[in-house]
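Have a look at the structure below before the remarks.
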Protein chains: 2
Amino acid sequence: MSPRKSVAETAATRDRIITSALALATTEGLEGLTIGRLAVDLGMSKAGVIGHFGNKEALQLAVLASAVDRFRLRVPARAVGAAPGTQRLARAFDEWIDYMAEGEGHGGCFLTSVATEFDGRPGPVRDAVLEALASWSTYVKDELRAAVESGQLPKDTDVDQVIFELDGVILAANQSIQFHRDPRAPARARRAIARLLAA
Amino acid sequence: MSPRKSVAETAATRDRIITSALALATTEGLEGLTIGRLAVDLGMSKAGVIGHFGNKEALQLAVLASAVDRFRLRVPARAVGAAPGTQRLARAFDEWIDYMAEGEGHGGCFLTSVATEFDGRPGPVRDAVLEALASWSTYVKDELRAAVESGQLPKDTDVDQVIFELDGVILAANQSIQFHRDPRAPARARRAIARLLAA
DNA sequence: CCTACCGATCGGTAGG
DNA sequence: CCTACCGATCGGTAGG
């Protein structure tokens, strides 16, 4: 009377699907991701794949949530040891740049791609991207405020302007790495970040 | 014995198709663009639409070429009157920011989207995007060099670094406008550009 | 987790 | 520029 698969096995399969889907969505986009292609890649039936999620949109949301989790574990989590303010931010951006340079289609770049892909498509996926980006902005804003309060940055710093420009550097790094495959991109990004975080 | 359509009428139809395709590709992506949907939007048959181009990839390339043309007519062409160097660049970026802020899915933003969409898909479309971006970079580089030579910018200016950061500002503006619909984005972008072009 | 199937749509062609 | 059609694939469901 035991079930065909244990709870742990089911969760492992779900993880395998998400990992494969994330890789596929990195090249094809989250909308270009298809259940049939995913099933072939995994050696499963379409019904077996989609059964874990219900429908394509739920799968998209699960892939996105997984990418956000990986990003948080890789970037902000590694910066917790640094002192609040500019040091913690410098560390976080450094980690992000490493993360982008390292793999082909890991988390951070993926979020950027999905933001572009869904900027004209209202719905739950767009909302989830918006929430992830807002969460990152809040993180940066809190650290910038701490930097201003502790005197690391001038009192009259336009925090939102700095966030805007930091964001631009990340987007430029992403494009340089993903599209142009320019090996000098990480160094350029680090230089720009350093200047924005200098007093 | 006269043909069913004159050469001029055929060209006009082709233009209508491209305009409609550009609008569709702005929300759906250049790959998400479908001949069937386009035919419905235009009140034509699928064969009537695709007959003008041959196949979908040729249509994608035509849409891209059209977007690049519009961009050139709108941005660099309007800056020719300004003095070479920082003034011309300031004017060009100003026009670009206006262009982004103005419409929903006009040229400049479109190029950025397509660059993201095709960063993992080698082929003629990616090559065409690469060429368009390279052409813009060359334009900026020439003006920056002129600015350095004429003393508008310091002799030790790292021109490629400035290009990288200018690119970041445009990408941040694009994301702020297209995704976040933030009305403060143009002002933020102009401020960042002004700082990068100041001696 | 599978097989077998559904209606809809895909890109594209033949022929006029 | 149209009608009529092709094989392939889409997301998803029924039933086990």
Side-chain angles (χ1 to χ4, degrees), chain A residues 1-22 24-25 27-64 114 117-118 121 123-126, chain B residues 1-22 24-25 27-64 114 117-118 121 123-126:
Chain A
M1 297 297 184
S2 66
R4 311 238 280 290
K5 293 279 182 179
S6 72
V7 173
E9 283 170 324
T10 300
T13 300
R14 206 188 117 104
D15 277 356
R16 276 183 60 230
I17 296 170
I18 288 178
T19 299
S20 196
L22 186 55
L24 202 51
T27 57
E28 307 298 322
L30 211 41
E31 199 59 41
L33 178 69
T34 71
I35 300 161
R37 169 88 188 269
L38 197 50
V40 171
D41 288 357
L42 288 159
M44 291 173 63
S45 68
K46 289 200 300 171
V49 170
I50 204 60
H52 283 268
F53 305 93
N55 56 37
K56 182 175 172 177
E57 187 176 86
L59 168 62
Q60 291 175 318
L61 290 169
V63 171
L64 191 57
V114 178
E117 189 180 0
F118 282 84
R121 304 167 171 250
V125 176
R126 189 181 183 283
Chain B
M1 298 295 183
S2 66
R4 309 239 278 292
K5 292 279 181 180
S6 72
V7 174
E9 283 171 324
T10 300
T13 299
R14 207 188 116 104
D15 276 357
R16 278 183 59 228
I17 296 171
I18 288 178
T19 300
S20 197
L22 186 56
L24 202 52
T27 58
E28 307 297 323
L30 211 42
E31 199 59 41
L33 178 69
T34 70
I35 299 161
R37 170 88 188 270
L38 196 50
V40 170
D41 289 358
L42 288 159
M44 291 172 64
S45 67
K46 289 200 299 172
V49 169
I50 204 60
H52 283 268
F53 306 93
N55 57 38
K56 182 175 173 177
E57 187 177 86
L59 168 62
Q60 290 175 318
L61 290 169
V63 171
L64 192 57
V114 179
E117 189 180 359
F118 283 83
R121 303 165 172 252
V125 175
R126 188 180 184 283

I need the CG-C1' distance between A:Leu24 and D:dT9, as an integer number of Å.
14 Å
How is A:Thr10 classified with respect to the nucleic acid when contacts are heavy atoms under 4.0 Å: base, sugar-phosphate, or nothing?
nothing
Round to a whole Å and report the spacing from NE2 of B:His52 to C1' of D:dC2.
12 Å
So, do A:Phe53 and A:Val63 sit near enough that their side-chain heavy atoms are less than 4.5 Å apart?
no
Distance-minimising heavy-atom pair for B:Ile18 and B:Ala62
CD1-CB, 4.0 Å
Once you round it to whole Å, what is the distance between C1' of D:dT9 and CZ of A:Arg37?
13 Å
Rounding to 0.5 Å, atoms CG (B:Leu30) and CG (B:Leu61) come to a distance of 8.0 Å
At less than 4.0 Å, is any side-chain N or O atom of B:Thr34 found next to OP1 or OP2 of C:dT9? Yes or no.
no
Just to be sure I understand the rule, does B:Ser45 reach a base, reach only the sugar-phosphate, or reach nothing, if contact means heavy atoms closer than 4.0 Å?
base
Would you mind classifying the nucleic acid contact of B:Leu38 as base, sugar-phosphate or nothing, using non-hydrogen atoms under 4.0 angstrom?
nothing
Expressed in angstrom and rounded to an integer, what is the separation of B:Gln60 atom CD from C:dG11 atom C1'?
11 Å
If every non-hydrogen atom of B:Leu59 is compared with every non-hydrogen atom of B:Ala21, which pair is closest and at what distance?
CD1-CB, 4.4 Å
Can you tell me how far P of C:dT3 sits from CE of A:Met44, to the nearest Å?
11 Å
note: B:Leu33, atom CG; C:dC10, atom C1'; distance rounded to Å ~ 12 Å
What is the distance, rounded to the nearest whole Å, between atom CD1 of A:Ile35 and atom C1' of D:dG11?
5 Å
Can you find a heavy atom in the side chain of B:Glu117 that is under 4.5 Å from one in the side chain of B:Val125?
no
Restricting to non-hydrogen atoms, name the atom on B:Glu31 and the atom on B:Phe118 that form the minimum distance, rounded to 0.1 Å.
OE1-CZ, 3.6 Å
Categorize A:Leu59 for me: base, sugar-phosphate, or nothing, with a 4.0 angstrom heavy-atom threshold over every strand shown.
nothing
State which of D:dT13, C:dC1, D:dG12 makes the closest approach to the side chain of A:Lys56.
D:dG12
Stems involving DNA chain C, each a run of at least 3 consecutive Watson-Crick or G-U pairs under 3.5 Å
C:1-16 with D:1-16
Taking the minimum atom-to-atom distance to the side chain of A:Ile50, which one of C:dG12, D:dT13, D:dT3 wins?
D:dT13
Quick check on DNA chain D: between B:Lys46 and B:Gly43, whose nearest nucleotide comes earlier from the 5' end?
B:Gly43
For atom CD of A:Glu31 and atom C1' of D:dG11, their distance in whole Å
11 Å
Check whether any side-chain heavy atom of A:Thr10 lies under 4.5 Å from a side-chain heavy atom of A:His52, and answer yes or no.
yes
